[in-house]
Amino acid sequence: MEVRTRFAPSPTGFMHLGGLRTALYNYLYAKKMGGKFILRIEDTDQERYVEGATEVIYDTLRGCGMQWDEGPDVGGDYGPYIQSERKQLYLPYAKQLVESGHAYYCFCTECELKARREAAEARGEVYKYDKHCLRLPKEEVEERLARGDSWVIRLNAPTEGESSYHDAVYGDMTFPNDTLDDMVLIKADGMPTYNFANVIDDHLMGITHVMRGAEYLSSTPKYNLLYEAFGWDIPEYVHLPSVMRDSHHKLSKRDGDAYYSDYVEKGYLTEALINYLALVGWNPGDDREFFTMDELIDVFDISRLNKAPGIFDVDKLTWFNAEYIRRMDFDRYLEIVTPWFDKVLKGKNIDYHRLAELMKDRTEVFNRVPDMVAFLGELPEYSVDLYTHKKMKSNPEVARTALALCLPVLEGIDEADWNETVIHDRLMETIANSGMKNGAVLWPLRIAISGQASTPGGAMEIAYLLGKEETLRRIHCGQEMLASAE
RNA sequence: GGCCCCGUGGUCAAGUGGCCUAAGACACCGCCCUUUCACGGCGGCUACUCGGGUUCGAAUCCCGACGGGGUCACCA
């Protein structure tokens, strides 16, 4: 039988990383098995409707390389794929359940329920719907329906015995039935609840494998009650461990670390994000860590899914990102990094191509680039202490000598010859003749022209990037500072 | 609180009764390379939550405790 998986997000306007990983596993498994990956939008909560939210879902999935085979915009044989457009489809199924005694009309108002819940809590009890309306005589139900009283349809869940099911990751699960609530199937606004629509749609769309977050582990028995009441086959369940921020918290909106867009804006590559995400809760069983989407499809295996929640480690993601950047084509790097250079160097006449060569191996996340290169645009204020470096055998005294040595050499280079080779050769020749150590000359020079302890590239590269005029100007600044510190 | 799940280093994790005086990766620390930083190379630190069993033998199986998480909506 063809494998059919689905990703069924509700359009909130953001793609949560946990959701993205769920989508990824669904996609990988479907592709691995030569099956279909279906996208269904679960928007049964009309109060939560957000403009443009479905586009966010489309863009994210496509941006990550996960194209769905069936979905709202691409169609398919089981549409529509947006639940609000399927609205009229659910009620008949609910009524069928009422007929067969698996469900019933309930006229309790939200107000009444709230009061009962609070009363139960006050007594220290766990609230559970008391099946009040199940006991209503049939005539009264008909009468109130005819009268136009507001109603919902509830599942008539068993109160005794226990329910079991098998999960591909967690194994055999058993729950006492008395913990099952008579969940609402059809809401007062006529819309199905998520719980109900989910089951109906999964069945109607022929979903064979339901892969979703582990938070659904304990509500699954209720879904099974529905499948059984209809006489439908229960799909394979594959519950996924949560993705956490730390051992106590899931990734959250508040900390700005939960959404796909948060990371894209910071300058993380989608390939790195997907690669890393695939490894939180799953591993290939060997030491490999780098995977393209096709490779993931090839090696993905449900049996290697973990049970324990995994913490999303930004440091590791950052390492992946840096590795992906090092391995990427130079041209693509240049294209991506250019706007980040522009933030601090626009109009400064800097050789972006050369700067990019220098920066590529040093870039971990793109949003760190501006701070790393800003000194090229403007000499930062710095302390004279920077001239002191024990290992380079430099101190202000040495620095004065070094700068005095370099200045005429650099001044003597023609504007037209201002390139790294010439700068390098003249400087090295001079240093060799002076008898000073390379570091003792080059360290102060780099400090003078950059104003900071660490830079992408050494003195020669920076001097080249700065240009002759600016390099000389900065050396003069350094000399003044050293003179006044004497 | 009831029910359910989970428990190998700071983090991700391999490990399915002997090959474990427990792999690998990130992070961290040290050394080397070197005109800084980064890259790269080499090395180091750190773990089977605890207590009982079962067994010739347990990280691996069982029970309990403890710890953490999830779930108990006319949200999804």
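Residue numbering restarts at 1 for every chain, and letters A, B, ... go by the order of the sequence lines.
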S.K.: Would you say a side-chain N or O of Arg117(A) is under 4.0 Å from OP1 or OP2 of A73(B)?
M.R.: yes
S.K.: Scan His248(A) against the nucleic acid and name what it touches under 4.0 Å (heavy atoms): base, sugar-phosphate only, or nothing.
M.R.: sugar-phosphate
S.K.: Under 4.0 Å: is that the gap between some side-chain N or O of Lys307(A) and OP1 or OP2 of C6(B)?
M.R.: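 So the side-chain polar atoms of Lys307(A) do come within 4.0 Å of the phosphate oxygens OP1 or OP2 of C6(B), strictly under.
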S.K.: Kindly say whether, by distance alone, the side chain of Arg446(A) makes a donor-acceptor pair under 3.5 Å with the base of U35(B)?
M.R.: no
S.K.: In whole angstrom, what separates Leu185(A)'s CG from C75(B)'s P?
M.R.: 13 Å
S.K.: Quickly, which of Leu204(A), Ile153(A), Leu226(A) forms a side-chain contact (heavy atoms from CB on, under 4.5 Å) with Tyr93(A)? Name it, please.
M.R.: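 Testing each of Leu204(A), Ile153(A), Leu226(A) against Tyr93(A), the sole residue satisfying side-chain contact (heavy atoms from CB on, under 4.5 Å) is Leu204(A).
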S.K.: What integer distance in Å separates Leu180(A):CG from G2(B):C1'?
M.R.: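 After rounding, the reported distance stands at 13 Å.
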S.K.: Below the 4.0 Å mark, does A76(B) have OP1 or OP2 next to a side-chain nitrogen or oxygen of Thr44(A)?
M.R.: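 So the side-chain polar atoms of Thr44(A) do come within 4.0 Å of the phosphate oxygens OP1 or OP2 of A76(B), strictly under.
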S.K.: Test your reading of the model: is there a side-chain donor-acceptor pair from His353(A) to the backbone of Leu334(A), 3.5 Å cut-off?
M.R.: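 Such a contact is absent between His353(A) side chain and Leu334(A) backbone.
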S.K.: Under 4.0 angstrom, heavy atoms only, what part of the nucleic acid is Cys108(A) near: base, sugar-phosphate, or nothing?
M.R.: base
S.K.: Scan Asp315(A) against the nucleic acid and name what it touches under 4.0 Å (heavy atoms): base, sugar-phosphate only, or nothing.
M.R.: sugar-phosphate
S.K.: Using atom P of each nucleotide, how far apart are G15(B) and C61(B) to the nearest Å?
M.R.: 13 Å
S.K.: Please report, rounded to the nearest Å, how far the P atom of C74(B) is from the OH atom of Tyr129(A).
M.R.: 10 Å
S.K.: Checking base pairs now: Watson-Crick or wobble, both atom distances under 3.5 Å. What partners A13(B)?
M.R.: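 None - no nucleotide pairs with A13(B), as no candidate has both distances under 3.5 Å.
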S.K.: Mind telling me whether Tyr259(A) and Phe14(A) have parallel, tilted or perpendicular rings, with 30° and 60° as the class edges?
M.R.: parallel
S.K.: The side chain of Ser454(A) lies closest to which of these nucleotides: U36(B), U71(B), C4(B)?
M.R.: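 Of all the options, the side chain of Ser454(A) is nearest to U36(B).
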S.K.: Please report the distance, rounded to the nearest Å, between CG in Leu358(A) and C1' in C39(B).
M.R.: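 To the nearest whole Å, that distance equals 12 Å.
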S.K.: Does a nitrogen or oxygen in the side chain of His389(A) sit under 4.0 Å from OP1 or OP2 of U36(B)?
M.R.: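 So the side-chain polar atoms of His389(A) never come under 4.0 Å of the phosphate oxygens OP1 or OP2 of U36(B).
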S.K.: Give the rounded distance in Å between these two atoms: CD of Glu364(A) and P of A38(B).
M.R.: 10 Å
S.K.: With a distance cut-off below 6.0 Å to the six-membered ring centre and an angular limit of 45° from the axis, does Arg245(A) pair with Phe312(A) as a cation-pi contact?
M.R.: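 Ring-cation test returns no.
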S.K.: Counting only side-chain heavy atoms from C-beta out, which of A76(B), C74(B), A25(B) sits nearest to Trp319(A)?
M.R.: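 When the side chain of Trp319(A) is considered, A25(B) is the closest of A76(B), C74(B), A25(B).
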S.K.: Honestly, is Arg212(A) close enough over Tyr25(A), meaning NZ or CZ under 6.0 Å from the six-membered ring centre and within 45° of the axis?
M.R.: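 Here Arg212(A) fails the 6.0 Å and 45° test against Tyr25(A).
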S.K.: Taking the six-membered ring of Tyr268(A), is NZ or CZ of Lys266(A) closer than 6.0 Å to its centre and within 45° of its axis?
M.R.: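 No, cation not above the ring by the 6.0 Å, 45° rule.
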S.K.: Using OP1 and OP2 only, check whether a side-chain N or O of Lys187(A) sits under 4.0 Å from A76(B).
M.R.: yes
S.K.: Under 4.0 angstrom, heavy atoms only, what part of the nucleic acid is Met173(A) near: base, sugar-phosphate, or nothing?
M.R.: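 Result for Met173(A) = sugar-phosphate.
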S.K.: Roughly how many Å apart are U60(B) and U8(B), using the C1' atom of each and rounding to a whole number?
M.R.: 11 Å
S.K.: Under 30°, 30 to 60°, or over 60°: which ring-plane class applies to Trp340(A) and Phe366(A), parallel, tilted or perpendicular?
M.R.: parallel
S.K.: In the 5'-to-3' direction, what one-character label does each nucleotide of nucleotides 8-16 of chain B receive under the scheme B = base within less than 4.0 Å of a protein heavy atom, S = sugar-phosphate only, - = no such atom?
M.R.: ---BSSSS-
